[in-house]
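Worksheet for the structure shown next.
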Amino acid sequence: MDDDTRQALAAATDFATRVIAPQAESWNTAGSVPRAFFREAAAAGLCGLRVPRAQGGRGLGVGAYTQVLGILARECMASTFALVVHNNLAATVASDGSPGQVARHLGPMLAGESIGAFLLTEPGAGSDAQALATRATRDATGWVIDGAKAWISNAQHADVLAVFAQTAPGSGAAGIACFLVPGDAAGVTRSAGYALLGGHALGTGGFEFASTAVAEDALLFAPGAGLKAALAGIDVARMAVAAMCCGMLETALERALEYTAARPAFGQHVADFQGVQWMLADCATDLVAAQALTERATALADAGERATLAAAHAKKFATRVAFARIAECMQAMGASGLRRELPLARHLESAKIAQYLDGATEIQNVVIARALARRD
Ligand SMILES: Cc1cc2nc3c(=O)[nH]c(=O)nc-3n(C[C@H](O)[C@H](O)[C@H](O)COP(=O)(O)OP(=O)(O)OC[C@H]3O[C@@H](n4cnc5c(N)ncnc54)[C@H](O)[C@@H]3O)c2cc1C
């Protein structure tokens, strides 16, 4: 392991213990992390994890990046995902932004002063992203955006909005572009945060754009390149979700082991019952398998090889076992497993949410089934 990775993992461990663990539950109740969360993350070097060192980031590879996320998600996946969305946009601005966009956005994003969001999903278009209906029309000075976005992480605070919009209705992916729109631009309104099963630290909500005018230099990806760019980043995003699920499951298993070893029942401890031992043994096997699938996918990505299939396997499996096995760890802890001062209830909610993020489980199966048909 190189020094950069070692430092990033140490920073993540410290941030998870010092900042996330004591506040995660209150963020869930409040409906989002506070803006200060991003500034504190920036101070710990967690806002430019994939931005090259030469541009002020940590320059981590995919494997190291996902390890950092796994450590943070051990305490709270929702706040970690808020950082993921922000980090991914910072990295995209660094790699694909125009000189003007880099100069305007990158510094404030690395400092956690300006918060990023990724606006692809719409009220009428989720998995089928190329059906998006938000419209971008050229005018004399730039573009005018009209439409609505839904299910957007960081919606409560976002300052830099990566908005995917159709420039040529009826043309599908060929007309989709992406714009960097200031969150306070005229005609932008945002909804209150959605009340969900959990995961409220993410501050998920919707946006509307009513004749929102942006300059030509707001264009991040030209028509035809927008959806391709979104899909190009999705493999790593799926690996990130898988790694966060592994982190949550790891915590749940540790808590269940500690609790059952100390809890007396019928003259012994709960951990002495073979039924409980086998339940936790199955949990450990699924954790190791999910970690192995995730590491396999990230190793392919770091080697510059195609990782779409490996990412789909990892994301499908890790989200599925996290949801099932975190529930079993709670079961082993009896009623105490339900207490909200432990992270298990929060993790169970987040594991369910993870089954939709960056492509629902069924979409991973679409990817896998296509590969089977091609005999990849
Ligand atoms: C907490 C949270 C945060 C999110 N953050 C963001 C964000 O920051 N930015 C963003 O753009 N989006 C975000 N999303 C949206 C997320 O990407 C979508 O929920 C996801 O793409 C699925 O879309 P949908 O929910 O509209 O489901 P739909 O597409 O309506 O699908 C409904 C069901 O049909 C299934 N289905 C769809 N197509 C197929 C098919 N071809 N074969 C088999 N089954 C299929 C789906 O798997 C699902 O089970 C977020 C979602 C959540 C829950």
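Everything numeric in this text was worked out from a predicted model, so none of it was measured. FYI, side chains are in, hydrogens and waters are out, and symmetry mates aren't considered; it's all heavy atoms of this structure. The first residue of the sequence shown is numbered 1, and numbering continues consecutively from there. Ligands are counted one by one from 1 in listed order, and the atoms in each one are counted from 1 as well.
- Contact residues of ligand 1 (protein heavy atom closer than 4.0 angstrom to a ligand atom; sorted by chain and number): F118, L120, T121, G126, S127, W151, I152, S153, L202, T204, I353, Y356, L357, A360, E362, I363, V366.
- Remark: F273 CZ is packed, more than 12 non-hydrogen atoms of other residues, nucleotides or ligands lying under 6.0 Å away.
- Note: F15 and F37 have tilted aromatic rings, judged against thresholds of 30 and 60 degrees for the angle between ring planes.
- Summarising the hydrophobic clusters (Ile, Leu, Val, Met, Phe, Trp, Tyr; side-chain heavy atoms under 4.5 Å, direct or chained), the residues clustered with V366 are I363.
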Expected list for residues 195-204: side-chain donor-acceptor pairs under 3.5 angstrom, two or more places apart:
from : atom 1 : to   : atom 2 : distance (Å)
H200 : ND1    : N28  : O      : 3.4
H200 : ND1    : N28  : OD1    : 3.3
H200 : NE2    : L196 : N      : 2.9
H200 : NE2    : L196 : O      : 3.3

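- Remark: D272 pairs with no residue by the salt bridge (Lys or Arg N to Asp or Glu O under 4.0 Å) rule, at least two apart or across chains.
- For the pair K149 and F207, the cation-pi test (distance below 6.0 Å, angle within 45°) is failed.
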